[in-house]
Protein chains: 2
Amino acid sequence: MKFEIPKEIERELQKKGGWSNIKKRLPADEIKQVEKVMKVLSYETRLRILYAMAEQRMCVCMLTELTKCSYSKCSYHLSKLKDAGLIKATRKGNYLVYSLTPFGRSIVRHFKKYKPEVKK
Amino acid sequence: MKFEIPKEIERELQKKGGWSNIKKRLPADEIKQVEKVMKVLSYETRLRILYAMAEQRMCVCMLTELTKCSYSKCSYHLSKLKDAGLIKATRKGNYLVYSLTPFGRSIVRHFKKYKPEVKK
DNA sequence: ACAGCATTTCAAAAAAAGTTGAAATGGAAA
DNA sequence: TTTCCATTTCAACTTTTTTTGAAATGCTGT
């Protein structure tokens with residue numbers, strides 16, 4: 001199909017250096033990074049973990065209780081959160097204690113501030 | 001497996017009203033809403049659309065060019081963005097012109113401010 | 001070195017999300 | 001009212017993500 005921009009929008013584009021300029025300015029790297037973070041946060045279990053950790057650092061056994069998931073399932077989700085730079089782990093004796101990174105914290109704060117409004 | 005909280009963490013929990021309190025305070029509705037938004041933003045094509053729209057409202061034919069997607073594919077992704085309250089459409093003659101909602105705009109702004117750092 | 005515990009890893013199976021192209025829709029112009 | 005054009009919808013298919021349970025890892029105390 002042919003590519004034709006409506007007049008009204010064409011005019012707006014002129015002021016911004018044209019269509020090709022808009023396309024060129026897309027921050028490809030940032031978008032890839034954001035995609036990864038979003039993928040990780042697009043799952044209820046992982047969000048529950050994130051929100052709970054905003055209140056309190058936790059070991060995995062607490063998270064299995066909180067999320068009603070098996071260890072292996074929890075572990076899977078924790079590794080996703082970790083790879084995205086949202087949480088970090090430190091060992092305390094036999095336990096691994098997970099807590100939020102500053103970046104993870106900033107996300108929770110954002111959504112407390114800007115509550116989404118989603119179609120039911 | 002039995003559920004046992006390490007001493008050090010147990011002490012932290014006391015100050016916060018205990019483990020059950022942490023669990024009770026989880027904002028279940030907010031989490032469900034955020035999950036939906038995140039799911040929508042966890043896909044490169046849709047993020048490209050979002051970022052481009054932060055610069056300029058657009059009709060679908062422009063988006064097919066920007067994303068190198070067929071109309072039907074574009075349409076599928078647009079409907080997800082719309083359901084999440086990130087974009088809205090208005091008709092101009094034969095064209096449907098899509099643009100960001102304030103919520104959509106707030107998301108783009110957030111990620112421009114807090115750049116994620118993801119493991120490669 | 002061994003046993004016990006908390007947690008992770010693995011591979012196969014199940015579930016969810018994205019893609020495709022053809023057909024349907026709905027406004028605008030003839 | 002018919003045709004045209006931009007866009008959406010549908011159902012079958014493909015790809016990606018999650019779940020499962022069994023086996024591996026790696027501290028810690030004995």
Side-chain angles (χ1 to χ4, degrees), chain A residues 1-10 32 35-49 53 57-84 87-99 118-119, chain B residues 1-10 32 35-49 53 57-84 87-99 118-119:
Chain A
M1 188 173 277
K2 70 181 188 302
F3 176 62
E4 205 174 317
I5 298 176
K7 297 258 159 55
E8 206 173 331
I9 290 186
E10 189 64 77
K32 283 244 169 61
E35 185 199 358
K36 281 184 196 152
V37 175
M38 292 298 190
K39 271 214 163 65
V40 169
L41 294 179
S42 64
Y43 204 73
E44 185 175 5
T45 303
R46 293 192 289 255
L47 282 171
R48 285 171 59 78
I49 292 173
M53 271 186 199
R57 61 188 182 147
M58 289 180 281
C59 64
V60 183
C61 64
M62 295 167 79
L63 291 166
T64 61
E65 214 242 2
L66 180 81
T67 60
K68 290 164 176 50
C69 290
S70 67
Y71 267 82
S72 81
K73 206 186 206 176
C74 251
S75 197
Y76 169 76
H77 292 304
L78 286 169
S79 76
K80 295 238 154 183
L81 287 161
K82 192 146 149 259
D83 287 354
I87 64 175
K88 59 186 191 298
T90 48
R91 187 171 275 280
K92 297 273 175 199
N94 240 334
Y95 297 92
L96 269 180
V97 177
Y98 282 94
S99 56
V118 181
K119 235 198 238 166
Chain B
M1 189 175 274
K2 70 181 186 307
F3 175 63
E4 207 175 316
I5 298 177
K7 299 261 159 53
E8 206 174 331
I9 291 188
E10 189 64 77
K32 282 245 170 59
E35 185 198 0
K36 281 185 198 151
V37 175
M38 292 297 189
K39 269 213 166 64
V40 169
L41 294 178
S42 66
Y43 204 73
E44 186 175 4
T45 302
R46 295 192 288 254
L47 282 171
R48 285 171 60 79
I49 292 174
M53 271 187 199
R57 61 189 183 143
M58 288 180 281
C59 65
V60 183
C61 65
M62 295 168 79
L63 290 167
T64 62
E65 216 242 3
L66 180 82
T67 60
K68 289 161 176 49
C69 289
S70 66
Y71 267 83
S72 82
K73 205 186 206 177
C74 253
S75 197
Y76 170 76
H77 292 303
L78 286 169
S79 77
K80 294 238 154 181
L81 286 161
K82 190 145 150 263
D83 287 355
I87 66 175
K88 59 186 193 298
T90 49
R91 187 171 277 278
K92 296 274 176 200
N94 240 334
Y95 298 92
L96 269 180
V97 177
Y98 282 95
S99 56
V118 182
K119 233 198 240 167

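Proteins come first, then strands; the chains are lettered A, B, ... in the order of their sequence lines, and each starts at number 1.
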Of all heavy-atom pairs linking B/Ala84 and B/Val37, the shortest is O-CG2, 4.3 Å
dist A/Lys92:NZ -> B/Ile9:CD1 (nearest 0.5 Å) comes out at 8.5 Å
For B/Tyr76 and B/Arg46, the nearest pair of non-hydrogen atoms, with its separation, is CE2-NH1, 4.3 Å
note: A/Ile87, atom CD1; C/dT7, atom P; distance rounded to Å ~ 13 Å
Between its two end axes (five pairs each) the helix from C/dA1-D/dT30 to C/dA30-D/dT1 turns, nearest 10 degrees, through 30°
Atom CG of B/Asp83 and atom C1' of D/dT9 are separated, to the nearest Å, by 14 Å
To the nearest angstrom, the OH-C1' distance between A/Tyr95 and D/dT28 comes to 12 Å
TODO: Go through the steps to decide whether B/Ser75 and B/Val60 satisfy the test side-chain contact (heavy atoms from CB on, under 4.5 Å), and finish with yes or no.
DONE: CA-CA 8 Å; B/Ser75 197; B/Val60 183; 5.8 Å; no
In whole angstroms, the gap separating P of D/dT20 from NZ of A/Lys68 amounts to 15 Å
Check: Is the backbone of B/Val97 close enough, under 3.5 Å, to the side chain of B/Arg57 for a donor and an acceptor to pair up by distance?
Finding: no
Checklist entry - With side chains defined as the heavy atoms from C-beta onward, is the minimum distance between A/Leu63 and A/Met53 less than 4.5 Å? => result yes
Close side-chain approach of B/Ile49 and B/Leu78, heavy atoms under 4.5 Å: yes
Protein heavy-atom contacts under 4.0 Å, written 5' to 3' over nucleotides 23-30 of chain C as B (base), S (sugar-phosphate only) or - (none), form the string ----BS--
Would you say D/dT19 has OP1 or OP2 under 4.0 Å from some side-chain N or O of A/Tyr71?
no
NZ (A/Lys88) with more than 12 external heavy atoms under 6.0 Å: yes
Practice item. Determine yes or no for a side-chain-to-main-chain donor-acceptor pair under 3.5 angstrom, with B/Arg48 supplying the side chain and B/Leu66 the backbone. Key: yes
From CD of A/Glu44 across to C1' of D/dT18 the rounded distance in Å is 14 Å
Quick tally for nucleotides 17-22 of chain C: nucleotides whose base has a protein heavy atom under 4.0 Å get B, sugar-phosphate-only ones S, the rest -, giving SBBBBB
Rounded to whole Å, the CG-C1' distance (A/Leu96 to C/dC5) equals 12 Å
query = Would you say A/Met62 and A/Tyr98 make side-chain contact, with heavy atoms under 4.5 Å?
reply = no
**OP:** Pick base, sugar-phosphate or nothing for B/Cys74, based on heavy-atom distances below 4.0 Å to the nucleic acid.
**Re:** nothing
- SB check B/Lys39 B/Glu35 (cutoff 4.0 Å): yes
